[in-house]
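Here the structure comes first, spelled out in structure tokens, and everything after it is commentary.
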2 protein chains.
Amino acid sequence: MRRLPTVSDVAEAAGVSRQTVSNVLNTPEIVRAETTERVRAAIERLGYRPHASARRLRTRRSSTIGVRLDPGADGMSGSLLDRFLHALVERADADGLRVLLYTAVDEDAEIATFERLLDGADVDALVLTSTHYGDRRIPWLVEHDVRFVTFGRPWGEHDTTDRSHRWVDVDGRVGVRAATASLLEQGHRRIAFLGWPEGSGTGDDRRAGWREAMLAAGVPDADMTALDLGVEEDPLDLGIGGRAVAAVAPRPDAVVCASDSLALGARLALGPDVPVVGYDDTPVARALGFPSVAQPLDEVAAAVLELLASDEGDHHRLLAPRLVRR
Amino acid sequence: MRRLPTVSDVAEAAGVSRQTVSNVLNTPEIVRAETTERVRAAIERLGYRPHASARRLRTRRSSTIGVRLDPGADGMSGSLLDRFLHALVERADADGLRVLLYTAVDEDAEIATFERLLDGADVDALVLTSTHYGDRRIPWLVEHDVRFVTFGRPWGEHDTTDRSHRWVDVDGRVGVRAATASLLEQGHRRIAFLGWPEGSGTGDDRRAGWREAMLAAGVPDADMTALDLGVEEDPLDLGIGGRAVAAVAPRPDAVVCASDSLALGARLALGPDVPVVGYDDTPVARALGFPSVAQPLDEVAAAVLELLASDEGDHHRLLAPRLVRR
DNA sequence: TTGTATGCGTTATCAA
DNA sequence: TTGATAACGCATACAA
């Protein structure tokens, strides 16, 4: 591979000093237009590109953000991370940012990875997904003054006031409410909710959306308890949701689900005649043709980068999902 | 964030020179055990970590490999890339390598990205997926003397002799042959192959596996033509494979498919009574419970890194897939 | 076996 | 507005 031109080469070719070349690149406003022109021409002619490592060493910034590639993803929801990542990489590239992947088996290992990544100036910001209640990563990052944004609310008391933790999330409650409303509009009344056991922020949020829509339609609270299903999902046993929903008597008119894999279970158990709505709009939903609540991953990625970049403005973004009708 | 300790700090703390610290890290065999011990203790005590950017600047290597995050992935096959990526990141981490993502809309854009990534010493090797016949990226990389490995054969004449192009691939022919054989063992004879139109390396390879198994079982060549289905897959029309297979009269006993999404189409069109085997063992196959040919992505990732690292030995690896029976 | 001197390519500081 | 000088942290050639 040929030797790459450096600032010195450009400086020599343009008849200026190295520093001036650097200024043209980094602070063009303080350089005279004519000089800028000459330097730019030289850059073009020589095919000069700044050496990323040298710049990083000097500036102590890497312009790289780290993202964890989730190990536990079951593939179905995994494709969600995949799509988010894609959107993120695309947006980041436009801002001159790179995306570095890492993995970790558990939280302690992940924190150890943070240290490695940050100390070596490999990354200077992190994007975290799949946050959960009591996440130990968050306080660690705050304490070590690391710039980060999570895709997912902390689900704590001070969600929207805590300025030390920036997050972007999608309003699942609104999404599930819309899904439920659309089933109600179609004339269904006994609409079951198939989600996870109470206690998970995300799951309870989605459940709340279903309840709201049902209440608004005048369904009494007492009628809802029998239709409120919470199961522990298991990638190896996709039938669990189906069995739960099949056990409801009388049979529900329709089912709103907290995930596409739950929806798949319901669909397989009840057949195509009972309308089912999923969540995340995965390939499975498209393949089987049931509606699903889609997260606006492009917007999420854009918001994540905005929060990462700016010091002022809001620190939290709650985005609206979209119901994909089929 | 605190100021990070450097080699100098460690040297001072251990009462040696910077060079000795560097030697302990990079060429431990030339340092006296006692000195090593003292230096290691100082490293531990100070929490020293080498600064990645500085090392990269000096060594002119980034220890980072670039991987493209595919834009066109339809989600179902996309999860394949996802799983491969995960395996790759995990293995790479063990070797002290980082994985950087990039995207590109087409080949020209991707080549432009190569230049940016390589010139800036952002990455010093690339892993390419979804290679195809006449791939312009390959000659560009070879010409520019860039280290790379592709996951996927070039499907050219000189596949196995061309030492300038290292690749790892999975033997689809063997996989589909095994899938077909298992159906034959179950007593099925009219086994259709649902794949893509002739002309794609991967597709034709898988088709050949089906033909081999059928021939070995004594099915005459003439009987096979009516069972040999090739359709253009379309993420928006998953029914296309199903329609093709439903149009075969008399109805096939079973169907071997070149992908899980084709298998899904066949399954939906023919119902659960006609055995179907897919390819890639995606969540869809697990969800619907049909067998599928699984690519050993862990092994692929390991092989990719081996080929990337070593200058001698083989330059190509053809790995055996595994039939997941269900 | 250990230490000294130098440079990788860039940008920050300060003087001209 | 531009230029000289130093420094970022590390690793290598060479000397001791």
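Chain identifiers are assigned alphabetically (A, B, ...) following the order of the sequence lines, protein sequences preceding nucleic acid strands; residue numbering begins at 1 within each chain. Just so it is clear, the structure is predicted and the values come from calculations on it, not from any experiment.
- The interatomic distance linking Arg60(A) (CZ) with dT10(C) (C1') rounds to 13 Å, in whole Å.
- Whole-Å rounding puts the Asp9(A) CG to dC8(C) P distance at 11 Å.
- Residues from residues 22-38 of chain A lying near DNA chain C, meaning a heavy-atom separation below 4.0 Å, are Ser22(A), Asn26(A) in numerical order.
- Between the CG atom of Leu57(A) and the C1' atom of dA12(C) there is a distance of 13 Å, rounded to whole Å.
- Counting to the nearest Å, the P atom of dG3(C) and the CD atom of Glu12(B) are 13 Å from each other.
- Not a single ring pair (Phe, Tyr, Trp, His ring centres under 6.0 Å) links Tyr102(B) to another residue, sequence neighbours left out.
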Table of protein N/O atoms under 3.5 Å from nucleotides 4-7 of chain C N/O atoms:
unit_1	atom_1	unit_2	atom_2	d
dT6(C)	O4	Arg18(B)	NH2	3.2
dG7(C)	N2	Arg58(B)	NE	3.4
dG7(C)	N2	Arg58(B)	NH1	2.8

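- Looking at Asp95(A), its side chain never comes within 3.5 Å of a backbone N or O of Leu97(A) through a donor-acceptor pair.
- Considering only residues two or more places apart in sequence or on other chains, His165(B) meets the side-chain contact (heavy atoms from CB on, under 4.5 Å) condition with Ile138(B), Phe148(B), Thr150(B), Pro154(B), Asp162(B), Trp167(B).
- Legend: residues meeting side-chain hydrogen bond (donor to acceptor under 3.5 Å, both in side chains) with Ser22(A), ordered by chain and number and at least two apart, are Asn26(A).
- Of the candidates dC10(D), dT10(C), dG9(C), the closest approach to any side-chain atom of Arg55(A) belongs to dT10(C).
- Evaluation of the side-chain contact (heavy atoms from CB on, under 4.5 Å) rule for Thr64(B) yields Leu100(A), Arg56(B), Ser62(B), Arg98(B), Leu100(B), Val123(B) as partners, not counting sequence neighbours.
- Among the protein residues, Arg49(A) comes within range of the sugar-phosphate backbone only, with heavy atoms under 4.0 Å from sugar or phosphate atoms but none that close to a base.
- For Phe114(A), the ring pair (Phe, Tyr, Trp, His ring centres under 6.0 Å) criterion is met by Trp140(A), not counting sequence neighbours.
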Which atom pairs, one a donor and one an acceptor, fall under 3.5 Å between side chains of residues 35-47 of chain B and the rest of the protein, sequence neighbours left out?
unit_1	atom_1	unit_2	atom_2	d
Thr36(B)	OG1	Arg32(B)	O	3.0
Arg38(B)	NE	Ala14(B)	O	3.0
Arg38(B)	NH2	Ala14(B)	O	3.4

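- Bending across the helix from dT1(C)-dA16(D) to dA16(C)-dT1(D), expressed as the angle between its end axes from five pairs apiece, amounts to 40° (10° rounding).
- Under the side-chain contact (heavy atoms from CB on, under 4.5 Å) criterion, Arg166(B) pairs with Arg147(B), Val149(B), Leu307(B), Asp311(B), His315(B), not counting sequence neighbours.
- Listed by first and then second residue, the ring pair (Phe, Tyr, Trp, His ring centres under 6.0 Å) pairs involving residues 8-46 of chain A amount to none (not counting sequence neighbours).
- In the displayed structure, Glu29(A) atom CD is contacted under 6.0 Å by more than 12 heavy atoms of other residues, nucleotides or ligands.
- Judged as a ring pair (Phe, Tyr, Trp, His ring centres under 6.0 Å), and not counting sequence neighbours, the contacts of Phe84(A) are Phe151(A).
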